[in-house]
Chemist: 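If you scroll down you'll find the structure; I have some questions about it.
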Amino acid sequence: MISQKRDLINDFLRTFIPAVTHAHQYTTTHQLTVTAINTAYTHLLEAIGKDQSIAFMIIDDRVIMYDEPLEDTLFLSRFVRIFKQRGIQYIRIFQGITEEEITFLVEMLAARSPVSDDIEFLPSIQLGKVSIGYKAEALGGVNAVGGAGGSHFDAIQANSVRLTSNIYHAVKNDRKFPLSEIKNTVSDMIAAIKQESSMLLTFSPLRILDEYTFTHSTNVCILNLAQAMALGVKGDALRDIGVSALLHDTGKLFVPEDVLNKTGKLTDTDWEMIRSHPQRGAEYLLDNPGIPPLAVVVAYEHHMQYDNSGYPQVPKDWRQNMCSQITAISDFFDAMRTKRIYRDALETKIIADQMIKMSGTSLNPVLTKNFLILIEEMIQSL
């Protein structure tokens, strides 16, 4: 770690700890606390600089950054003690964090109680635990975080559920879209697939309907990346495909939950709302700066079907993006292998047979064939 960066981080820690102390003694609205938070926030922005994020890992009472331990100081020792008392061994802060989010973090730490696993994290703050014996470089430096003894996918699954929850609340409450977190999660997935491709089929256990809402897009992302990597896609194009998959169903957040979760027959009005979700999602993503254009296209096209007989309705000669067709394949496969309230999960062989029948009409025949070969290879490697 370069000396200047280390100094900026130490400045942040030196001002952040007093903010937590003041918040515990008084409140986050007390003038002393407000001033301390403001100062810490200023130093934090300087420390992040042009980086996408900064992250701290607490290992054996040492703070590790960029694979190097920070020099022990009084403030650093208090930083370690505060976070360990609350069961936190890892904190990642993303560029674009707001002062309100830092205030939230200070208030949470000042409570002096363990952090619950189901706490609603803000988009620019990520907390967790570091696996025992887990090397930081395994997933590209500071991103390597997970539950003790778990695989790379265990960590990604936990982070992805939090991420999709953050996306949900961002859309519902008109909050900042967690774009940086989305891109970093996709990068983690890419690294994990390269190392553990045989884990893809076991990535998502059978789950109930409510949890399905928060995991389906993650599974589609994993399957999309696996397909794209098998086709030789790399670099930024690969990451955009992953981001597009994570956001493909954004429009469903504008559909009433009682319609999405309905177990009985859908009315014509219900179907109209459901069929509107691709356009609603595309319009929402288009209004968010920084979203890859591909994500807008995929959100709009993923239900069109290969022969353009789906929705939204488009001219018969409409040329779909290949990523939309890849997403349609992943979407169908994950939906069929998921246990729902109204049916059990289907076996892979049954799903494969159905996908073959749909080739050339609902699904791209070449991409479907490649996908089924990929799935078969992964089954054989388990």
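Any value given below was found using the heavy atoms of this structure, including those in side chains, with hydrogens, waters and symmetry copies removed.
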Chemist: Treating Thr33 as the side-chain partner and Thr29 as the backbone partner, does any N or O pair qualify as donor plus acceptor under 3.5 Å?
Modeler: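 Not at all, since once roles are kept as given, no pair shorter than 3.5 Å links the two residues.
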
Chemist: When clusters are formed by joining ILVMFWY residues with side-chain heavy atoms under 4.5 Å apart, either directly or through shared neighbours, do Val259 and Trp271 land in the same one?
Modeler: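 Yes.
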
Chemist: Considering only heavy atoms from C-beta outward, does the side chain of Ile326 approach that of Val298 to under 4.5 Å?
Modeler: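 Ile326 does not reach Val298 side chain to side chain.
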
Chemist: Any Lys/Arg nitrogen of Lys349 or Asp353 sitting under 4.0 Å from an Asp/Glu carboxylate oxygen of the other?
Modeler: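 Here Lys349 pairs with Asp353 in a salt bridge, since their nearest N and O are under 4.0 Å apart.
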
Chemist: Take Met108 and Leu105, measure what side-chain contact (heavy atoms from CB on, under 4.5 Å) needs, and give me the verdict at the end.
Modeler: CA-CA 5 Å; Met108 182 186 70; Leu105 178 62; 3.5 Å; yes

Chemist: Can you see which heavy atom on Gln305 is nearest to which on Ser362, and at what distance?
Modeler: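 Residues Gln305 and Ser362, closest heavy atoms: OE1-OG, 2.7 Å.
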
Chemist: Is it the case that one hydrophobic cluster holds both Ile91 and Leu45, taking links as side-chain heavy atoms less than 4.5 Å apart, direct or via other members?
Modeler: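 Ile91 clusters together with Leu45.
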
Chemist: Would Met189 and Cys221 count as a side-chain contact (heavy atoms from CB on, under 4.5 Å) here? Give the steps.
Modeler: CA-CA 8 Å; Met189 289 180 182; Cys221 180; 3.3 Å; yes

Chemist: Once you round to the nearest 0.5 Å, how far does CD1 of Ile375 lie from CG of Leu223?
Modeler: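 Rounded to the nearest 0.5 Å, the CD1-CG separation comes to 6.0 Å.
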
Chemist: Would you find more than 12 non-hydrogen atoms of other residues, nucleotides or ligands less than 6.0 Å from Glu257 atom CD?
Modeler: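 Atom CD in Glu257 is not crowded, with 12 or fewer foreign heavy atoms closer than 6.0 Å.
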
Chemist: Check Leu253 against Ile167 and note the closest heavy-atom contact, atom names and distance.
Modeler: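 Minimum heavy-atom contact is CD1-O, 4.2 Å.
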
Chemist: Do Val296 and Val220 land in one hydrophobic cluster if side-chain heavy atoms of ILVMFWY residues count as linked below 4.5 Å?
Modeler: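 Different clusters: Val296 never reaches Val220 through Ile, Leu, Val, Met, Phe, Trp or Tyr contacts under 4.5 Å.
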
Chemist: Taking all non-hydrogen atoms of both residues into account, name the closest pair between Gln95 and Asp51 and its distance.
Modeler: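 Heavy atoms of Gln95 and Asp51 come nearest at NE2-O, 3.2 Å.
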
Chemist: Roughly how far, to the nearest 0.5 Å, is the CD1 atom of Ile125 from the OG atom of Ser53?
Modeler: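 Result: 12.5 Å between the selected atoms.
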
Chemist: With a 4.5 Å cut-off on side-chain heavy atoms, are Thr368 and Met358 touching?
Modeler: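 They are not in side-chain contact.
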
Chemist: In Å and rounded to the nearest 0.5 Å, what is the CG to CZ distance from Asn10 to Arg6?
Modeler: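 One finds 8.0 Å between CG of Asn10 and CZ of Arg6.
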
Chemist: Is it true that a side-chain atom of Asn364 and a backbone atom of Leu367 form a donor plus acceptor pair closer than 3.5 Å?
Modeler: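 Yes; at least one donor-acceptor contact below 3.5 Å.
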
Chemist: Mind running side-chain contact (heavy atoms from CB on, under 4.5 Å) on Gln227 and Asn370 for me, showing each step along the way?
Modeler: CA-CA 8 Å; Gln227 289 189 74; Asn370 288 341; over 6 Å; no

Chemist: Are the side chain of Asn38 and the backbone of Val34 linked by a donor-acceptor contact shorter than 3.5 Å?
Modeler: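 No; zero donor-acceptor contacts below 3.5 Å.
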
Chemist: Between Phe254 and Ser276, is there a side-chain heavy-atom distance shorter than 4.5 Å?
Modeler: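 No, too far: nothing below the 4.5 Å cut-off.
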
Chemist: Given 3.5 Å as the limit, does a donor-acceptor pair link the side chain of Tyr41 with the main chain of Ile97, or not?
Modeler: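 Looks like yes, one N/O pair under 3.5 Å.
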
Chemist: To the nearest 0.5 Å, tell me how far Asp270 CG sits from Leu260 CG.
Modeler: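 So the CG of Asp270 and the CG of Leu260 are separated by 9.5 Å.
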
Chemist: With heavy-atom distances below 4.5 Å as the criterion, would you say the side chains of Val63 and Leu13 are in contact?
Modeler: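 No, every pair of side-chain atoms sits at 4.5 Å or beyond.
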
Chemist: Compare every heavy atom of Leu32 with every heavy atom of His30, then report the nearest pair and how far apart it is.
Modeler: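 In this case the closest contact between His30 and Leu32 is ND1-N, 3.1 Å.
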
Chemist: What about Ile222 and Ile190, same hydrophobic cluster or not, with Ile/Leu/Val/Met/Phe/Trp/Tyr joined at side-chain heavy-atom distances under 4.5 Å?
Modeler: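 Yes, Ile222 connects to Ile190 through the hydrophobic network.
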
Chemist: Taking the inter-plane angle between the rings of Phe16 and Phe12 on a 0 to 90° scale, is it parallel (under 30°), tilted (30 to 60°) or perpendicular (over 60°)?
Modeler: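 Correct class here is tilted.
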
Chemist: For residues His302 and His277, establish whether the separation of their ring centroids is below 6.0 Å.
Modeler: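 Ring centres of His277 and His302 closer than 6.0 Å.
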
Chemist: For the side chain of Glu101 and the backbone of Ser124, is there at least one donor-acceptor N/O pair under 3.5 Å apart?
Modeler: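 Looks like yes, one N/O pair under 3.5 Å.
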
Chemist: Rounded to the nearest 0.5 Å, what separates atom NZ in Lys357 from atom OG in Ser359?
Modeler: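 The OG atom of Ser359 is 12.0 Å from NZ of Lys357, to the nearest 0.5 Å.
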
Chemist: Using a 3.5 Å distance criterion without hydrogens, assess whether the side chain of Asn288 forms a donor-acceptor pair with backbone atoms of Tyr284.
Modeler: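 Present.
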
Chemist: Should we say atom CG of Asp287 is surrounded by more than 12 heavy atoms from elsewhere, each under 6.0 Å from it?
Modeler: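 Counting neighbours around CG of Asp287, more than 12 heavy atoms of other residues, nucleotides or ligands fall under 6.0 Å, so yes.
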
Chemist: If I compare all heavy atoms of Met355 with all of Phe333, which pair ends up nearest, and what's the gap?
Modeler: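 In this case the closest contact between Met355 and Phe333 is SD-CD1, 4.1 Å.
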
Chemist: Strictly distance-based, threshold 3.5 Å: is any side-chain N or O of Lys5 a donor or acceptor partner for the main-chain N or O of Ala47?
Modeler: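 Present.
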
Chemist: Applying side-chain contact (heavy atoms from CB on, under 4.5 Å) to Lys262 and Thr267, what does each step give before you reach the verdict?
Modeler: CA-CA 10 Å; Lys262 195 171 185 177; Thr267 65; 3.9 Å; yes

Chemist: Check whether the side chains of Asn224 and Ser330 place a donor and an acceptor atom closer than 3.5 Å, and report yes or no.
Modeler: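 Side chains of Asn224 and Ser330: pair found under 3.5 Å.
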
Chemist: Hey, do the aromatic rings of Phe79 and Phe56 have their centres closer than 6.0 Å?
Modeler: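 Yes, the ring of Phe79 comes within the 6.0 Å limit of the ring of Phe56, centre to centre.
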
Chemist: Please determine which of Leu179, Val186, Thr185 meets the side chain to side chain contact (heavy atoms under 4.5 Å, CB included) test together with Lys183.
Modeler: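 Exactly one candidate clears the test, Leu179.
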
Chemist: Taking the side chain as C-beta and beyond, is there a heavy-atom pair between Thr361 and Ser309 under 4.5 Å?
Modeler: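 Not touching, per the 4.5 Å side-chain cut-off.
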
Chemist: May I ask you to test the Gln279-Tyr300 pair for a side-chain heavy-atom distance under 4.5 Å?
Modeler: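 Yes, their side chains come closer than 4.5 Å.
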
Chemist: How long is the gap from CZ on Arg239 to OG on Ser187, to the nearest 0.5 Å?
Modeler: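 Result: 5.0 Å between the selected atoms.
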
Chemist: Any donor and acceptor pair, going by atom type alone, linking the side chain of Glu301 with main-chain N or O of Asn321 inside 3.5 Å?
Modeler: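 Present.
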
Chemist: Do Glu46 and Asp11 have side-chain heavy atoms sitting under 4.5 Å apart?
Modeler: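 Of all side-chain heavy-atom pairs linking Asp11 with Glu46, none is under 4.5 Å.
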
Chemist: Would you check if Leu363 and Phe371 make a side-chain contact, meaning some heavy-atom pair closer than 4.5 Å?
Modeler: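 Side-chain contact under 4.5 Å: no.
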
Chemist: Could you see if Tyr306 belongs to whatever hydrophobic cluster contains Tyr311? Use Ile, Leu, Val, Met, Phe, Trp, Tyr and a side-chain cutoff under 4.5 Å.
Modeler: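 No, it is not one cluster - the side chains of Tyr306 and Tyr311 are not joined through contacts under 4.5 Å.
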
Chemist: With sequence neighbours excluded, what pairs up with Thr21 under the side-chain hydrogen bond (donor to acceptor under 3.5 Å, both in side chains) test?
Modeler: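 Here the qualifying residues are Arg78.
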
Chemist: Determine the minimum heavy-atom distance between Ala23 and Ala110, stating which atoms define it.
Modeler: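 Taking every non-hydrogen atom into account, CB-CB, 3.7 Å.
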
Chemist: In this structure, are over 12 heavy atoms from other groups packed under 6.0 Å from Glu272 atom CD?
Modeler: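 Open.
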
